[in-house]
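Single-structure report; data block below.
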Protein chains: 2
Amino acid sequence: MDYETEAIRPRQVSTRSLDAFDRKILGVLVKDARLPYAEIGNLVGLSPPAVHDRVKKLREAGIIRGVHASVDGPAVGKPLLAYVHVDAEGWGKSQRMMRLQAFPEVEEMHSVAGDTCVVLKVRTADTHALEHLLLQIYILPGVKGTKSYIVLSTYLERPVQAEVTGTWPSVPMPDD
Amino acid sequence: MDYETEAIRPRQVSTRSLDAFDRKILGVLVKDARLPYAEIGNLVGLSPPAVHDRVKKLREAGIIRGVHASVDGPAVGKPLLAYVHVDAEGWGKSQRMMRLQAFPEVEEMHSVAGDTCVVLKVRTADTHALEHLLLQIYILPGVKGTKSYIVLSTYLERPVQAEVTGTWPSVPMPDD
DNA sequence: GGAAAGCACAGACTTTTGTTCTGCCAATAG
DNA sequence: CTATTGGCAGAACAAAAGTCTGTGCTTTCC
């Protein structure tokens, strides 16, 4: 199996500027990608072929990366969610760290700016499995330590939303 | 709009124990939920109606939560990904914090065990928008402070995987 | 300002897929 | 040993996806 050793980058910036219809379609598909084109058309105000055309172009432009089923973590035997901050000396992005992607428990891997190097999102069967995964991290060269944040309750977990907040609510400045 | 004020919980533990076919089907649907049932059937070794039946049951059992399009963050105008740790006095879960879910920039919200109370995953247009969002967090009652981890590069970002690591690689114990 | 070209949409059609039904087989319980 | 339940394959039907053509619009060039 091949591992992604390069960061996920925007494939092509795609001069295509999203208009209001595209935004609406994306908003619908993010919520439920199984709706028929006819129903999407009703929601956004277009005919089914028009929706089809736009979705096809959105896919070709890489704006829609794919369609995935969202499965319940506990139901598939992974009730324990955690974020693991990895501190490494030198530079965190070693090739060997990419091999962690082979574990289905690892869902995200980012290099970050802050008081740590890499943030991992991991979902394991139990604390024992998490320990095993931490062991796999510790044997990587350059890893100085990890800090784990065990999720107690998840209040929100959703995919990338198509909408963007245009005007933020004004906040009264503190009186100092 | 209503906000989820309760944590996402497993709807029903569903006595349904996943067999090998279910695991395979889930694995396929997580990768690409647009494959026809006939093709899934070829991959896992079942007929299209059998796959249909199982997927239907997996949906009814809540094991498949839904099907969502995955859109590219930068392409929809949100190239800046960050994790925000929120420190609050008392108890972080105030009703008003749930209102942050109204912002499409907020993708995840967890209460965690560790040296912080709440972890947010936010995706914004730029640092300016992130600052606006942080302002919205700071005006919440009880919020003492935040710590932001700006994502520099994303090496892996994928939905919940259906697979579970059965036997972990053995790691030689350090010689102390 | 006018004409031509490109784009996007709606309607009708074809093809593919989803969905349902029926019968059969195996496993289990009585 | 028999009856019953659950699940799967094959066939038939319904529905959606995908394609094609024409039309109206905007844009752009002359």
_Summary of protein contacts for nucleotides 12-26 of chain D, nucleotide by nucleotide, where a base hit scores B, a sugar-phosphate-only hit scores S (4.0 Å, heavy atoms)_ = ----SSSB-------
For residues 29-50 of chain B, which side-chain N or O atoms pair as donor and acceptor with protein atoms under 3.5 Å away, sequence neighbours left out?
unit_1, atom_1, unit_2, atom_2, d
B:Asp32, OD1, B:Arg34, N, 3.0
B:Ser47, OG, B:Ala50, N, 3.4

*Could you tell me which residues satisfy salt bridge (Lys or Arg N to Asp or Glu O under 4.0 Å) with B:Lys147, sequence neighbours excluded, listed by chain and number?*
A:Asp115
*asked:* Apply the hydrophobic cluster definition, ILVMFWY joined by side-chain contacts under 4.5 Å directly or through others, and give me every member besides B:Tyr149.
replied: A:Leu81, A:Tyr83, A:Val112, A:Val119, A:Tyr149, A:Val151, B:Leu81, B:Tyr83, B:Val112, B:Val119, B:Val151
*With hydrophobic residues grouped by side-chain heavy-atom distances under 4.5 Å, do A:Met109 and B:Leu152 end up in a single group?*
no
*asked:* Could you see if B:Val106 belongs to whatever hydrophobic cluster contains A:Val164? Use Ile, Leu, Val, Met, Phe, Trp, Tyr and a side-chain cutoff under 4.5 Å.
replied: no
*Candidates D:dA9, D:dG7, C:dA10 - which lies nearest the side chain of A:Leu46*: C:dA10
Under 3.5 Å, which donor-acceptor pairs do the side chains of residues 128-137 of chain A form with other protein atoms, sequence neighbours left out?
unit_1, atom_1, unit_2, atom_2, d
A:Gln136, NE2, B:Pro169, O, 3.1

*Tell me: CG of B:Asp32 to C1' of C:dT17, nearest whole Å?*
15 Å
*Rounded to whole angstroms, how far apart are CG on A:Asp19 and C1' on C:dA8?*
11 Å
_Of A:Val51 and B:Pro48, the one whose closest DNA chain C nucleotide lies more 5'_ = A:Val51
*With a 3.5 Å cut-off and no angle check, do the side chains of B:Thr154 and A:Glu108 form a donor-acceptor pair?*
no
*So what is the end-to-end bend of the helix from C:dG1-D:dC30 to C:dG30-D:dC1, with 5 pairs used at each end and the value given to 10 degrees?*
30°
*Just how far is it from atom NE2 of A:His52 to atom CD1 of A:Ile25, taken to the nearest 0.5 Å?*
11.5 Å
